[in-house]
Q: 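Take a look at this one; I'll ask things after.
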There are 2 protein chains.
Amino acid sequence: MSMLRGAWTPNVIWYLSGGPRRFGELRHDIPRISARVLSARLKELERRGIVTRTVMATSPPSVEYTLTGFGHELVPAINSIARVGMKLKNRLG
Amino acid sequence: MSMLRGAWTPNVIWYLSGGPRRFGELRHDIPRISARVLSARLKELERRGIVTRTVMATSPPSVEYTLTGFGHELVPAINSIARVGMKLKNRLG
DNA sequence: CGGGATCCGCGTGGATACTG
DNA sequence: CAGTATCCACGCGGATCCCG
């Protein structure tokens, strides 16, 4: 459970499960997350070995975040949570 | 996700998925949870319609907590989280 | 037995402003 | 673009003491 700590963490992992993604893309994917929190979550995920951070030497600079193999193992659990969430949403209309 | 909020919440739901359970039994099931926190989680779960609280008119008094139908829908998600946790534990231990 | 009352610390998150 | 800095608020959790 500690892996999923943080309200936005499952969301971030879920979007990364679709492939590598840049900081700004994630901000766009999850509109209501603040840069500060996204940054904090990504750092934490990197520390735990769930994502890897790759700096591309371009101009303007871009940074890519990728799920590790371990990170991918968390995806099914997150999906089953999301599935319940969807069910609820549909039920409420 | 808000349904699973609280570090102990998934644990509580998981133990309740095995059938109705009393306050003291849950404390015994989850040794490191404090009475205050268990009480808070159960109240929250009751408020969300995940568990029902039934007071038995016995002496000494006993209170039974039961998962609602809706509560049962959360169990698969919790199980899939637990499964990942087990996998990790085995890998380290 | 099944809690409630109180106190206190920490992590998380939001908003805003700023930077290499 | 991809963050960092600062400030503030709230929820969660631990510990202890108390109650019907």
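Here is how names work: the chains are called A, B, and so on, in the same order as the sequence lines, proteins then strands, and each is numbered from 1.
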Q: Side chain of B:Arg41 only, heavy atoms from C-beta on: which candidate in D:dG13, C:dG13, C:dG2 is closest?
A: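 In terms of side-chain proximity for B:Arg41, the closest of D:dG13, C:dG13, C:dG2 is D:dG13.
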
Q: From C:dG13, C:dC1, D:dA2, pick the nucleotide closest to the side chain of A:Arg22?
A: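 From the listed options, D:dA2 comes nearest.
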
Q: So, is B:Lys43 close to the C:dG4 phosphate, meaning a side-chain N or O under 4.0 Å from OP1 or OP2?
A: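 Result: yes.
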
Q: Any donor-acceptor pair under 3.5 Å joining the side chain of B:Arg36 to the base of C:dT6?
A: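 By the distance-only test, yes, there is a pair.
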
Q: Measuring from the side chain of B:Ser39 (C-beta onward, heavy atoms only), which nucleotide among C:dT12, D:dG20, C:dG4 has the closest atom?
A: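 Selected nucleotide (nearest to the side chain): C:dG4.
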
Q: Between A:Arg21 and A:Glu64, is the closest basic N to carboxylate O distance under 4.0 Å?
A: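 Looking at A:Glu64 and A:Arg21, the cut-off is not met.
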
Q: Choosing from C:dG14, D:dA2, D:dC12, which nucleotide comes nearest the side chain of B:Arg5?
A: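 Out of C:dG14, D:dA2, D:dC12, the nucleotide with an atom closest to B:Arg5's side chain is D:dC12.
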
Q: In whole Å, I'd like the distance from the CE atom of A:Met3 to the P atom of C:dT12.
A: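 It works out to 14 Å between those atoms.
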
Q: CG of B:Leu26 versus P of C:dC1: gap in Å, rounded?
A: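 For the pair B:Leu26 CG and C:dC1 P, the rounded distance is 14 Å.
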
Q: OP1, OP2 of C:dG11 versus side-chain N and O of A:Trp8: anything below 4.0 Å?
A: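 For C:dG11, OP1/OP2 do not have a side-chain N/O of A:Trp8 under 4.0 Å.
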
Q: Among C:dG14, C:dG2, D:dG3, which nucleotide sits nearest the side chain of B:Ser62?
A: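 Out of C:dG14, C:dG2, D:dG3, the nucleotide with an atom closest to B:Ser62's side chain is C:dG2.
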
Q: Nearest whole angstrom, please: distance from the C1' of D:dA2 to the CD of A:Glu25.
A: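 About 12 Å, once rounded to whole Å.
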
Q: Could you work out which one of D:dG13, C:dG3, C:dG14 sits closest to the side chain of B:Phe23?
A: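 Shortest atom-to-atom distance from the side chain points to C:dG3.
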
Q: Pick the closest DNA chain D nucleotide for A:Ala35 and for B:Ala7 by heavy atoms, then say which residue is nearer the 5' end.
A: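 Nearest nucleotide further toward 5': that of A:Ala35.
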
Q: Taking all atoms of both residues into account, what is the closest heavy-atom pair of A:His72 and A:Ser17, and its distance?
A: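 Smallest heavy-atom distance, with atoms named: CE1-O, 4.2 Å.
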
Q: How many Å lie between CD on A:Glu64 and P on D:dA2, as a whole number?
A: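 Spelled out: CD on A:Glu64 to P on D:dA2 is 10 Å.
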
Q: Whole angstroms only, please: what is the CG-C1' distance between A:Leu42 and D:dG3?
A: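 The answer, rounded to whole Å, is 11 Å.
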
Q: Between A:Arg32 and A:Pro61, just flag the one whose closest nucleotide in DNA chain C comes earlier from the 5' side.
A: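 Upstream on the strand: A:Arg32.
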
Q: I need the CE-P distance between B:Met1 and C:dT12, as an integer number of Å.
A: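 In whole Å, C:dT12 P lies 12 Å from B:Met1 CE.
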
Q: I'd like to check B:Val75 versus B:Leu67 (side-chain heavy atoms, cut-off strictly below 4.5 Å). Are they in contact?
A: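 Yes, at least one pair of side-chain atoms sits under 4.5 Å.
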
Q: Would you mind telling me which of B:Leu42, B:Ile33, B:Asn11 makes a side-chain contact (heavy atoms from CB on, under 4.5 Å) with B:Leu26?
A: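 For B:Leu26, the side-chain contact (heavy atoms from CB on, under 4.5 Å) test succeeds with only one of B:Leu42, B:Ile33, B:Asn11, which is B:Leu42.
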
Q: Does A:Arg5 offer a backbone N or O that forms a donor-acceptor pair with the side chain of A:Thr9 under 3.5 Å?
A: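 Yes; judged by distance alone, with no hydrogens or angles, the pair exists.
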
Q: Within this structure, what is the CZ-to-C1' distance between B:Arg21 and C:dC1, rounded to whole angstrom?
A: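 My rounded result for the distance is 16 Å.
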
Q: Once you round it to whole Å, what is the distance between C1' of D:dA15 and CZ of B:Arg27?
A: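 It is 12 Å, rounded to the nearest whole Å.
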
